[in-house]
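What follows is a set of notes on a single structure, which appears directly below.
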Amino acid sequence: MMDPVLKKKLGNIKITLASKSPRRHNLMTALGIEFTVNPAGVDEHYPSHLVREQIPVFLAELKSEAFPQDKIAINELVITADTIVWLNDAVLSKPEDREDAIRILKELSGNMHEVYSGVCLKSKSKIKSFSACSEVYFRKLKDEEIAYYVDAYKPFDKAGAYGIQEWIGYIGIEKISGSFFNVMGLPTQKLYDELLKF
């Protein structure tokens, strides 16, 4: 059931979440938002000069292009999003295989990295994009901890090769500055505020 504040603002607007991420689905549901899922199938490439939050915002807007404004219904709102992990002035993408996942987690081990999410809200008459950043601090991880996590959880669909809500987050993360849910893939508090303003 949607909370009364958001329901009053959105009224009869139908929300489309253009994402196949089960984590985003769960977070939207936990926010009390009723939505349908219609993933945007786009080639997620971005210009090489983009950095930090510019990258996920660009990709969220790119995904939104799969929904031209003249094809969006009067009472429809499309939400697209993207999340990246940023370390040492570079993006840590989804791992290609087991060895790549282990390599990425060894890079994160003992370091602080940033997680940036970009979100695009699009209706027939408006477009609004925004971003959020969280700083995540990993303690030094043992090689056997990394191997166990990769083998047990197979984080090959996750940017940075980890899910904060999984075992590695329980034992490896010392602290976070910013939104926990942003690290999962959707800055829920900021999304809620932006929906109220949209």
Side-chain angles (χ1 to χ4, degrees), residues 19-31 44 46-61 63 79-120 129-195:
S19 172
K20 59 186 177 185
S21 163
R23 292 166 296 282
R24 290 198 184 107
H25 300 172
N26 292 340
L27 291 172
M28 287 278 288
T29 300
L31 268 178
E44 296 184 21
Y46 55 87
S48 59
H49 67 274
L50 298 182
V51 296
R52 294 186 167 83
E53 73 279 357
Q54 296 171 344
I55 297 169
V57 167
F58 175 89
L59 290 172
E61 291 175 347
K63 291 174 184 178
I79 300 175
T80 53
D82 196 83
T83 300
I84 65 157
V85 173
W86 185 263
L87 177 69
N88 297 329
D89 290 324
V91 173
L92 291 181
S93 302
K94 295 174 184 176
E96 295 176 7
D97 51 29
R98 180 182 187 274
E99 290 69 31
D100 197 33
I102 288 172
R103 176 193 64 78
I104 290 170
L105 287 167
K106 283 184 176 180
E107 284 190 51
L108 295 175
S109 174
N111 287 313
M112 183 277 286
H113 65 274
E114 295 162 318
V115 178
Y116 292 96
S117 288
V119 180
C120 181
S129 300
F130 59 92
S131 65
C133 175
S134 302
E135 295 178 347
V136 182
Y137 295 77
F138 264 103
R139 71 161 172 80
K140 191 72 178 167
L141 299 168
K142 297 180 176 65
D143 287 351
E144 54 264 42
E145 291 170 337
I146 292 174
Y148 164 73
Y149 172 69
V150 171
D151 291 338
Y153 290 85
K154 300 184 176 9
F156 308 122
D157 66 333
K158 297 176 176 68
Y162 79 95
I164 194 171
Q165 72 282 7
E166 295 175 341
W167 179 81
I168 198 81
Y170 285 86
I171 66 101
I173 291 174
E174 293 179 328
K175 68 175 180 175
I176 302 168
S177 176
S179 167
F180 171 88
F181 299 110
N182 179 52
V183 185
M184 284 180 66
L186 196 65
T188 53
Q189 182 269 323
K190 203 159 188 181
L191 173 61
Y192 184 85
D193 283 352
E194 293 293 344
L195 285 171

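Residue numbers run from 1 in the order of the sequence given. Please read all numbers here as calculations on a predicted model, not as lab measurements.
- Contacts of V57 classified as side chain to side chain contact (heavy atoms under 4.5 Å, CB included), with partners at least two apart in sequence or in another chain: E61, S129, S131.
- Considering every non-hydrogen atom in both L141 and L105, the closest pair reads CD1-O, 4.3 Å.
- Under the 4.5 Å side-chain criterion, counting only non-hydrogen atoms from C-beta, T83 is in contact with R24.
- Between V85 and V136, the closest side-chain pair of non-hydrogen atoms is not below 4.5 Å.
- More than 12 heavy atoms of other residues, nucleotides or ligands shown are found within 6.0 angstrom of CD on E135.
- Remark: N111 pairs with no residue by the side chain to side chain donor-acceptor pair (under 3.5 Å) rule, at least two apart or across chains.
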Test side-chain contact (heavy atoms from CB on, under 4.5 Å) on I102 and K106; report intermediate values, then the result. CA-CA 6 Å; I102 288 172; K106 283 184 176 180; 3.8 Å; yes

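- Side-chain atoms of E194 and Y192 form no donor-acceptor pair, as typed in the model, at a separation below 3.5 Å.
- V91 places a side-chain heavy atom less than 4.5 Å from the side chain of I55.
- M28 has its side chain within reach of I79: a pair of non-hydrogen atoms, C-beta onward, lies under 4.5 Å apart.
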Taking only distance into account, with no hydrogens and no angle test, what donor-acceptor pairs under 3.5 Å do side-chain atoms of residues 172-186 form with protein atoms, sequence neighbours excluded?
residue, atom, partner, partner atom, Å
S179, OG, F181, N, 3.2
S179, OG, N182, N, 3.0
N182, OD1, S117, OG, 2.7
N182, ND2, V115, O, 3.2
N182, ND2, S134, OG, 3.0

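- Residues passing the salt bridge (charged side-chain N to carboxylate O under 4.0 Å, His left out) test with E107 are R103, sequence neighbours excluded.
- For the side chain to side chain contact (heavy atoms under 4.5 Å, CB included) test, no residue two or more places apart in sequence or in another chain qualifies with N88.
- Partners of F138 under the ring pair (Phe, Tyr, Trp, His ring centres under 6.0 Å) rule, at least two apart in sequence or in another chain, are H113, Y162.
- Within 6.0 Å of atom NZ in K154, more than 12 heavy atoms from other residues, nucleotides or ligands are found, so the atom counts as buried in its surroundings.
- Not counting sequence neighbours, the partners of Q189 by the side chain to side chain donor-acceptor pair (under 3.5 Å) test are D193.
- Screening residues 176-188 for salt bridge (charged side-chain N to carboxylate O under 4.0 Å, His left out) gives no qualifying pairs among residues at least two apart or on separate chains.
- Looking at R23 and D157, a side-chain N of the basic residue comes within less than 4.0 Å of a carboxylate O on the acidic one, giving a salt bridge.
- Counting heavy atoms from C-beta outward, T80 and C120 have side chains that approach closer than 4.5 Å.
- Side-chain contact of R139 with S109: a donor-acceptor pair under 3.5 Å is absent, judged by distance alone.
- A60 and G118 make their closest contact through CB-O, 3.6 Å (heavy atoms, listed as atom of the first residue, atom of the second, distance).
- Taking NZ from K190 and SG from C133, the interatomic distance works out to 9.5 Å, rounded to the nearest 0.5 Å.
- Residues meeting the side chain to side chain contact (heavy atoms under 4.5 Å, CB included) test with Y153, sequence neighbours left out: Y148, Y149, E166, W167.
- Residues forming a side chain to side chain contact (heavy atoms under 4.5 Å, CB included) with P95 (at least two apart in sequence, or on another chain): D100, A101, I104, F156, A161.
- In this structure E114 satisfies the side chain to side chain donor-acceptor pair (under 3.5 Å) test together with Y116, sequence neighbours excluded.
- Within the structure, salt bridge (charged side-chain N to carboxylate O under 4.0 Å, His left out) contacts touching residues 79-89 (residues at least two apart or in different chains) are R52-D89, K63-D82.
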